[in-house]
There are 2 protein chains.
Amino acid sequence: MSVTINQPKNKKQQLLDTALALFVNQGIYATSTASIAKTAGVATGTLFHHFPSKDALVLELYKNIKQEFALQIAPFELDATQLEQQAKVIWQQAIDWALANAEQQQFCLLVMQYQPLSANTKAQIFADEFGFLKEIMLFGQQHQLIANYPIELMLESAHGQFLTSSQFFINNTELAQDAKYREAAFNLFWQSFTR
Amino acid sequence: MSVTINQPKNKKQQLLDTALALFVNQGIYATSTASIAKTAGVATGTLFHHFPSKDALVLELYKNIKQEFALQIAPFELDATQLEQQAKVIWQQAIDWALANAEQQQFCLLVMQYQPLSANTKAQIFADEFGFLKEIMLFGQQHQLIANYPIELMLESAHGQFLTSSQFFINNTELAQDAKYREAAFNLFWQSFTR
DNA sequence: GTCTATAGTGAGATAGAC
DNA sequence: GTCTATCTCACTATAGAC
């Protein structure tokens with residue numbers, strides 16, 4: 001029975017954590033692999049032992065974050081008599097996650113415009129994350145609870161609204177616990193889709 | 001009376017045009033000043049004669065584009081009896097501009113996440129561009145035509161919706177002339193703000 | 001797995017002739 | 001204003017010892 005007590009976890013995780021912080025503060029391009037390694041208290045050779053390239057590190061970080069987020073916002077049985085209420089719970093969970101993981105959220109925004117990761121790669125990860133969202137929307141349309149607009153457009157719109165609202169609260173943390181703002185953000189989202 | 005007939009305009013404009021195309025295709029960081037100069041058929045020394053630095057070029061390009069856009073979406077006398085119709089005209093003009101100037105639109109998206117330009121600089125330019133939008137919203141609230149949510153949140157939301165929709169149409173040009181999609185995009189936007 | 005040292009590349013920017 | 005030539009530097013990635 002081997003019990004590993006690594007205060008600084010393994011160096012790989014240290015590198016991922018450090019990279020996240022630096023990427024968000026300086027941008028991905030502006031953050032050198034050397035600075036990631038140095039800040040993490042690790043040699044550059046070690047970084048390239050764990051990740052074949054800088055972009056591989058970026059991609060792994062991105063996948064990890066998206067996966068964590070998806071777990072947090074897990075869907076459940078849909079109920080046509082309470083769809084708005086259910087949507088509200090998911091929305092508030094998503095905003096809460098973004099607030100509690102502001103660095104992760106901002107990194108995702110950076111990755112969206114980071115061209116070395118192909119659009120296909122990102123679209124695939126996005127589809128995984130938002131698969132359940134599509135289910136909810138189709139369900140709502142079938143029960144005539146939300147508008148019958150093209151589903152791809154509605155998905156994009158919903159994603160955009162989430163990014164906008166979460167960014168707003170991250171940039172104005174003092175308003176994030178203000179019920180008035182929280183309610184307004186959800187209503188701006190939900191009203192879009194009403195018939 | 002001096003009439004200057006410069007086929008390739010002046011070299012400065014050539015550099016700006018070339019930079020825009022390269023930035024959108026490869027990203028801002030991934031585009032070297034050397035490649036901009038070469039593609040524009042100009043020497044690197046000439047580039048740095050017109051722009052003190054790469055970021056100065058980026059900034060000037062950004063300012064020019066935002067100014068052009070603002071001119072296109074010029075506001076007019078607001079009419080409380082026709083606010084939705086007026087909003088629709090502005091929205092469709094904005095989407096049309098984005099479609100006719102897809103490179104410009106995508107460049108603005110890149111700049112949003114380009115950290116060498118300070119957030120303040122960008123916020124200032126944004127405020128100029130969207131000043132009239134705030135007027136419209138306040139007007140709508142005063143006449144109880146749109147919801148009474150906090151104005152900063154509504155502005156961010158409106159901006160996000162515009163970015164989302166214009167990106168969607170740029171990525172799916174065949175749908176941009178489909179009235180069903182066009183109507184849906186505006187409704188998704190406008191419904192947000194209804195009371 | 002981790003380190004030190006460094007190879008190799010390409011970037012932004014400048015000098016100075018024309 | 002425009003050019004050629006070049007400086008200087010920082011970056012990604014590798015080699016090879018431990």
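A note on names: the letters A, B, ... follow the listed sequences, proteins ahead of strands, and every chain is numbered from 1. Values below: every heavy atom of this structure, side chains too, minus hydrogens, waters and symmetry copies.
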Engineer: Do any N or O atoms from the side chain of Q105(A) and from the backbone of L99(A) form a donor-acceptor pair under 3.5 angstrom?
Structural biologist: no

Engineer: Taking atom P of dC11(D) as reference, at what distance in whole Å does atom CG of D55(A) sit?
Structural biologist: 15 Å

Engineer: Could you give the start and end, 5' to 3', of the contact zone on DNA chain C for chain B, using atoms under 4.0 Å from its heavy atoms?
Structural biologist: dA11(C) to dT14(C)

Engineer: Output all residues satisfying side-chain contact (heavy atoms from CB on, under 4.5 Å) with A19(B), sequence neighbours left out; order by chain, then residue number.
Structural biologist: F23(B), I36(B), L57(B), L61(B)

Engineer: Measure the acute angle between the ring planes of F189(B) and F186(B), then classify it against the limits of 30° and 60° as parallel, tilted or perpendicular.
Structural biologist: tilted

Engineer: Report each atom pair, protein N/O against N/O of nucleotides 4-10 of chain D, whose distance is under 3.5 angstrom.
Structural biologist:
{"from": "dA5(D)", "atom 1": "N6", "to": "T44(B)", "atom 2": "OG1", "distance (Å)": "3.3"}

Engineer: What stems, by residue range, does DNA chain C take part in, given at least 3 consecutive Watson-Crick or G-U pairs under 3.5 Å?
Structural biologist: C:1-18 with D:1-18

Engineer: Show me the pairs that pass side chain to side chain donor-acceptor pair (under 3.5 Å) and involve residues 43-54 of chain A, at least two apart or across chains.
Structural biologist: none

Engineer: Using 30° and 60° as the class limits, which term best fits the ring planes of F126(B) and H159(B): parallel, tilted or perpendicular?
Structural biologist: tilted

Engineer: Distance-only, no hydrogens or angles: does the Q82(A) side chain make a donor-acceptor pair with backbone N or O of A87(A) under 3.5 Å?
Structural biologist: no

Engineer: Working note: K134(A) + E152(A), criterion salt bridge (charged side-chain N to carboxylate O under 4.0 Å, His left out); need CA distance, chi angles, decisive distance, verdict.
Structural biologist: CA-CA 9 Å; K134(A) 191 171 179 178; E152(A) 311 82 21; over 6 Å; no

Engineer: According to salt bridge (charged side-chain N to carboxylate O under 4.0 Å, His left out), does anything in residues 89-112 of chain B pair up with another residue at least two apart or in another chain? List the pairs.
Structural biologist: D96(B)-R182(B)

Engineer: What does S35(B) touch in the nucleic acid at a heavy-atom separation under 4.0 angstrom: a base, only the sugar-phosphate, or nothing?
Structural biologist: nothing

Engineer: Do the two ring centres, one from F162(B) and one from F69(B), sit under 6.0 Å apart?
Structural biologist: yes

Engineer: Closer than 4.0 angstrom, basic N to acidic O: yes or no for K63(B) and E68(B)?
Structural biologist: no

Engineer: Round to the nearest Å and state the distance from K54(A) atom NZ to dT14(D) atom P.
Structural biologist: 15 Å

